[in-house]
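Computed from a predicted model, the values in this text were never measured in an experiment.
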Amino acid sequence: MKIPRRPAFDQKLLQQAQLLPSEALARPAIVFAPHPDDETLGCGGTIVEKLAAGASVHVVFMTDGSRSHRHLMDPRELGLLRVDEARAALAALGVDPGQSTFLMYEDRRLGQSEADAVSRVRGLMDQFGPEDVFIPYRHDVTPDHLATWRIVREALRSSKRPVWINEYPIWHWHHWPFISLPLTLERKTLRVWRDSLLNRFGARAFRDFRTAVYIGDALDRKRNALEAHASQAQRLKDRWPILADVADGEFLDCFFQAHEFFFRYRYPQGHLRG
């Protein structure tokens, strides 16, 4: 038994959001992805739309993603596979092969290398001069997502460059009303309850996600890009978990609506609070 997800909340979220104007889409951008596939899930459609508007887009992968299926594949082999998948996904989105950087910190241990990562991120900011910066949402609960947010925030603190920050949600969608709420307190359902409580049953989304980008024309390319992340989207062997398994597919559905949502603000005037 479960309390069904509430599609009406998606519409209400859109009604309160402002669409990003075309002139903003044309601004050069840098996207920071904690793992290969986060760039596609969180802002893949926006990347397509920015490229169509003439913007340059550089994508930075913070970790190698090597531990997502470590019990089923050697992490070194999986890490190399995920780099290849990321390159294929960027090609599907239309990103030039030269517009990507792989920092290759170890998956799930990015927090152990924050000082070094801050220095490297600062150098990338100086090199590419973005006006838009895309980072994971501050309330995504996974450690590498939070570490990426902290690292980019710290790199920006020491920079004089004014930018627009766009925080994109990934695991934030893993709560009711965006996915169904199980009414059984089993181990596999407790995370949905925990995430729903932490995110105040949708209240945080309504507070923060007030910017949207229409991606209806880019959905096919976004789907193709996610399929390129085959280790996350396809069952490579028996008992191989994939994104479509999470919340019986409802979690993945959140990323293939006609809009992507962002917590957007100007830095240094905006919300670099914790």
Side-chain angles (χ1 to χ4, degrees), residues 10 13-14 16-62 86-96 99-101 124-125 128-140 145 148-149 152 163-173 178 205 208-229 232-233 243 251-267 270-271:
D10 299 330
L13 197 60
L14 180 59
Q16 73 160 20
Q18 292 185 339
L19 290 177
L20 196 67
S22 56
E23 60 268 22
L25 284 173
R27 296 185 182 120
I30 188 166
V31 176
F32 291 93
H35 313 99
D37 79 358
D38 289 321
E39 82 298 336
T40 297
L41 291 169
C43 50
T46 300
I47 289 172
V48 172
E49 295 298 336
K50 286 186 76 69
L51 291 171
S56 63
V57 179
H58 192 90
V59 182
V60 180
F61 297 96
M62 302 297 290
R87 291 189 173 118
L90 292 184
L93 295 174
V95 178
D96 186 277
Q99 290 295 323
S100 61
T101 297
L124 290 168
M125 295 281 197
F128 294 105
E131 295 180 39
D132 269 327
V133 176
F134 291 81
I135 58 177
Y137 180 50
R138 65 189 64 197
H139 293 299
D140 264 13
H145 288 225
T148 299
W149 184 84
V152 177
V163 296
W164 285 96
I165 306 297
N166 304 268
E167 297 187 18
Y168 60 85
I170 302 288
W171 288 101
H172 177 76
W173 296 127
F178 304 106
D208 289 344
F209 300 134
R210 295 183 172 271
T211 298
V213 175
Y214 175 72
I215 63 163
D217 298 329
L219 280 174
D220 286 344
R221 296 185 72 172
K222 183 172 180 175
R223 288 191 181 94
N224 291 339
L226 187 61
E227 284 299 312
H229 289 288
Q232 311 304 302
L243 288 166
F251 174 69
L252 197 55
D253 288 345
C254 294
F255 300 99
F256 291 98
Q257 310 297 323
H259 295 83
E260 289 173 340
F261 292 93
F262 301 97
F263 179 22
R264 180 176 171 85
Y265 50 90
R266 186 70 164 163
Y267 173 81
H271 298 79

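Judged by distance alone, the side chain of E260 and the main-chain N or O of G45 form a donor-acceptor pair under 3.5 Å. A distance-only check finds a donor-acceptor pair linking the side chain of R221 to the backbone of A92 [under 3.5 Å].
Residue A26 comes nearest to A53 through the heavy atom pair CB-O, 3.7 Å, listed as atom of the first residue, atom of the second, then distance. Pairing each heavy atom of D132 with each of A24, the nearest pair is OD2-O, 3.5 Å. Residues M62 and T148 come closest through the heavy atom pair CG-OG1, 3.7 Å. Here the closest heavy-atom approach between residue G129 and residue P28 is recorded as O-CG, 4.2 Å.
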**OP:** Starting from the C-alpha separation in whole Å, work towards a yes-or-no answer on side-chain contact (heavy atoms from CB on, under 4.5 Å) for S100 and V95.
**Re:** CA-CA 8 Å; S100 61; V95 178; 5.6 Å; no

**OP:** Start with the C-alpha distance between F263 and Y265, add both sets of side-chain angles, then the distance that settles ring pair (Phe, Tyr, Trp, His ring centres under 6.0 Å), and finish with yes or no.
**Re:** CA-CA 7 Å; F263 179 22; Y265 50 90; 5.0 Å; yes

**OP:** Give the C-alpha distance, both sets of side-chain angles, the deciding distance and a yes or no for ring pair (Phe, Tyr, Trp, His ring centres under 6.0 Å) between F251 and W171.
**Re:** CA-CA 9 Å; F251 174 69; W171 288 101; 4.4 Å; yes

Original post:
L41 and L243: side-chain contact (heavy atoms from CB on, under 4.5 Å), yes or no, with the steps?
Top reply: CA-CA 11 Å; L41 291 169; L243 288 166; 4.0 Å; yes

**OP:** Would you sort out whether F256 and L226 count as a side-chain contact (heavy atoms from CB on, under 4.5 Å), showing the intermediate values?
**Re:** CA-CA 11 Å; F256 291 98; L226 187 61; 3.8 Å; yes

Original post:
Does the pair I215 and V48 meet the rule for a side-chain contact (heavy atoms from CB on, under 4.5 Å), with working shown?
Top reply: CA-CA 8 Å; I215 63 163; V48 172; over 6 Å; no

Subject >> Residue pair Y137, W173: steps toward the ring pair (Phe, Tyr, Trp, His ring centres under 6.0 Å) verdict >> reply: CA-CA 11 Å; Y137 180 50; W173 296 127; 8.7 Å; no

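One distance of note links NE2 of H35 with NE2 of H229; it measures 12.0 Å at 0.5 Å rounding. In this structure, CZ in F128 is found 9.0 Å from OG in S56, a value given to the nearest 0.5 Å. In this structure, CG on L93 lies 4.5 Å from OG1 on T40, to the nearest 0.5 angstrom. In this structure, L124 CG and I30 CD1 are separated by 5.0 Å, a value rounded to the nearest 0.5 Å. Between atom CG of residue L90 and atom CZ of residue F61 there is a gap of 4.0 Å, rounded to the nearest 0.5 Å.
Residues D140 and H145 have side chains that bring a donor and an acceptor to within less than 3.5 angstrom of each other.
Contact of the F134 side chain with the T46 side chain is registered, since non-hydrogen atoms from C-beta on lie closer than 4.5 Å. The closest side-chain heavy-atom distance from P130 to H58 is not below 4.5 Å. Contact of the L25 side chain with the K50 side chain is registered, since non-hydrogen atoms from C-beta on lie closer than 4.5 Å. Side-chain contact between D38 and P136: absent, with no pair of heavy atoms (C-beta onward) separated by less than 4.5 Å. Looking at heavy atoms from C-beta onward, L14 lies in side-chain contact with F261 at the 4.5 angstrom threshold. Here the side chains of R210 and Q16 are in contact, with some heavy-atom distance below 4.5 Å. At a threshold of 4.5 Å between non-hydrogen side-chain atoms, the residues F209 and H259 do not count as touching. Residues L20 and E49 are not in side-chain contact: their nearest non-hydrogen atoms beyond the backbone lie 4.5 Å or more apart.
Among residues two or more places apart in sequence or in another chain, the side-chain hydrogen bond (donor to acceptor under 3.5 Å, both in side chains) test is passed with E227 by Q234.
Ionic pairing of R138 and D208 is not present here: no N-O contact between side-chain nitrogen and carboxylate oxygen is shorter than 4.0 angstrom.
Judged by the 6.0 Å distance and 45° axis criteria, K222 is not positioned over the aromatic ring of F255.
Few gaps surround CD on E23; more than 12 heavy atoms of other groups in view lie less than 6.0 Å from it.
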